[in-house]
Amino acid sequence: MKKLISFEIRKLLKSKYFYIITAISVIFILLSGLTNKAISDALIANGETVQPYSSYLFTKGALGGTYTMFIAIFVALFATEDSASGTLKNIYAKGYTRSQVYFSKYVVSLIAVLIMSAVTVVFAYGYSNLIWGNDLEMADNVSAIFIGQLLGIAAYHAIFFAISTIFGKVGSAIALNIIGPMAVSLVLGLGDAFIKSENTKLTSYWVDSLYSNFTVSVSDQNVLTTGIVLFAIYIGAAIFIGLFMNRKKEI
């Protein structure tokens, strides 16, 4: 297992797409900050009232929105790389089990995603602190927000990794990783329309809705704990399904 993890780490460090996607994420943050600043300055110049902003709020949203798409693309590329190149058969021929291969790739890709996220957050905070400062009072439970975003990223990673491993082809994996969560949200939304319940919304329990609460400017503090618990459940379920399906698929 240690040899497999070392092998995956070496591949990761040599892969161009890891650095490219991380750079794109940072560039996206840069452009987002410039755009927000330009819009804010234009509104102030026209005498409009602008809601106060801070480095914390900008950093809080750095891993939201399109960032999960970057994770989806990276995980699809990493998880299917050996299958696409034919290396996977050679790895199994050396006596490694499917579970060992699955978990070695899972662990290394998760570490990579967390590194990407950390780089994005650190850049977002330093950059936005120069623009807005951090003088606004923080109403959030910062510890809960941090844990929620961490587990939310891990939940997305687990889901994307399971999908990518099951389908095995980079094109299908990227498409399904991007479209899949949105499709689930759509189906759950149709379920909500059918149920017509004001108290219970199926979409509220899906990963997209839960995660967005940890990245928006004003979070609903009452559902933070629910989000953290459900993220842990999604991680466990995705690992189980991905591992089970990986054992059943043909090489």
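In this chain, residues are counted from 1 in sequence order.
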*Hydrophobic cluster identity match, I111 and Y106, side-chain contacts under 4.5 Å*: yes
_If you define the side chain from C-beta out and look only at heavy atoms, does anything of F161 sit under 4.5 Å from L110?_
no
_Is it the case that the side chains of K105 and T165 hold a donor-acceptor pair, with the cut-off being a distance below 3.5 Å and no angle test?_
no
*Please examine the side chains of F160 and I178, heavy atoms only from C-beta on, and report whether any two atoms are closer than 4.5 Å.*
no
*Less than 4.5 Å apart, any side-chain heavy atom of I21 and any of L77?*
yes
_Same apolar cluster (I L V M F W Y, side chains within < 4.5 Å links), V122/V113_ = no
_Taking the six-membered ring for Trp, are F214 and F231 closer than 6.0 Å centroid to centroid?_
yes
*asked:* When you compare the side chain of F103 with that of I239, does any pair of heavy atoms fall below 4.5 Å?
replied: yes
*How far does CZ of F74 sit from CD1 of I174, to the nearest 0.5 angstrom?*
12.0 Å
*Measure the CG-CG distance between N222 and N213 for me, rounded to the nearest 0.5 Å.*
9.5 Å
*Determine whether M69 and I73 make a side-chain contact, defined as any pair of heavy atoms from C-beta on separated by less than 4.5 Å.*
yes
_same_hphob_cluster(F146, L230) at 4.5 Å side-chain heavy-atom cutoff_ = yes
*T59 and S128: which non-hydrogen atoms are nearest, and at how many Å?*
OG1-OG, 3.7 Å
*Shortest non-hydrogen contact from N141 toward Q221*: N-OE1, 3.5 Å
_Over all atoms of both residues, closest heavy-atom pair of I228 and A144_ = CD1-O, 3.9 Å
*Do L57 and V216 share a hydrophobic cluster, counting only Ile, Leu, Val, Met, Phe, Trp and Tyr and linking them when any side-chain heavy atoms are less than 4.5 Å apart?*
no
*Just wondering, are more than 12 heavy atoms of other shown residues or ligands nearer than 6.0 Å to OH in Y19?*
yes
*How close do A155 and V207 get, heavy atom to heavy atom, and via which atoms?*
CB-CG2, 4.3 Å
*Classify the angle between the aromatic ring planes of F70 and Y67 as parallel (below 30°), tilted (30 to 60°) or perpendicular (above 60°).*
perpendicular
*Establish, for the pair K11 and F78, whether the NZ or CZ atom is under 6.0 angstrom from the six-membered ring centre and no further than 45 degrees off its axis.*
yes
*So which of V75, L176, I241 actually passes side chain to side chain contact (heavy atoms under 4.5 Å, CB included) with I163?*
L176
_Check: Y56 ring centroid to W132 ring centroid under 6.0 Å_ = no
*Does L114 reach the side chain of I153, with side-chain heavy atoms less than 4.5 Å apart?*
yes
*asked:* Is any side-chain heavy atom of Y205 closer than 4.5 Å to one of L188?
replied: no
*Mind checking the OG-CG spacing from S185 to L202? Nearest 0.5 Å is all I need.*
11.0 Å
*In Å and rounded to the nearest 0.5 Å, what is the CG to CD1 distance from L12 to I5?*
12.5 Å
*Kindly check if the number of other-residue, nucleotide or ligand heavy atoms within 6.0 Å of OH (Y17) is above 12?*
yes
*Criterion side-chain contact (heavy atoms from CB on, under 4.5 Å) on S25 and F123, from CA distance to verdict*: CA-CA 10 Å; S25 177; F123 178 81; over 6 Å; no
*asked:* Using side-chain contact (heavy atoms from CB on, under 4.5 Å), reason through S117 and Q149 one step at a time and then give a plain yes or no.
replied: CA-CA 10 Å; S117 302; Q149 289 200 7; over 6 Å; no
*Which atom names give the shortest non-hydrogen contact between A173 and A76, and what distance separates them?*
CB-CB, 3.7 Å
*Quick one: OG1 on T80 to CD1 on I166, what's the gap to the nearest 0.5 Å?*
13.5 Å
*Identify which one of I147, I145, L210 satisfies the side chain to side chain contact (heavy atoms under 4.5 Å, CB included) criterion when paired with L224.*
I145
*Give the C-alpha distance, both sets of side-chain angles, the deciding distance and a yes or no for side-chain contact (heavy atoms from CB on, under 4.5 Å) between N134 and Y125.*
CA-CA 9 Å; N134 201 31; Y125 181 79; 4.0 Å; yes
*Do T120 and F28 come close enough that some side-chain heavy atom pair is under 4.5 Å?*
no
_Return the CG to OG distance between N246 and S99, rounded to the nearest 0.5 Å._
7.5 Å
_Check: T203/D192 side-chain N/O donor and acceptor closer than 3.5 Å_ = yes
_I need the minimum non-hydrogen distance between A162 and A238, along with the two atoms involved._
CB-O, 3.6 Å
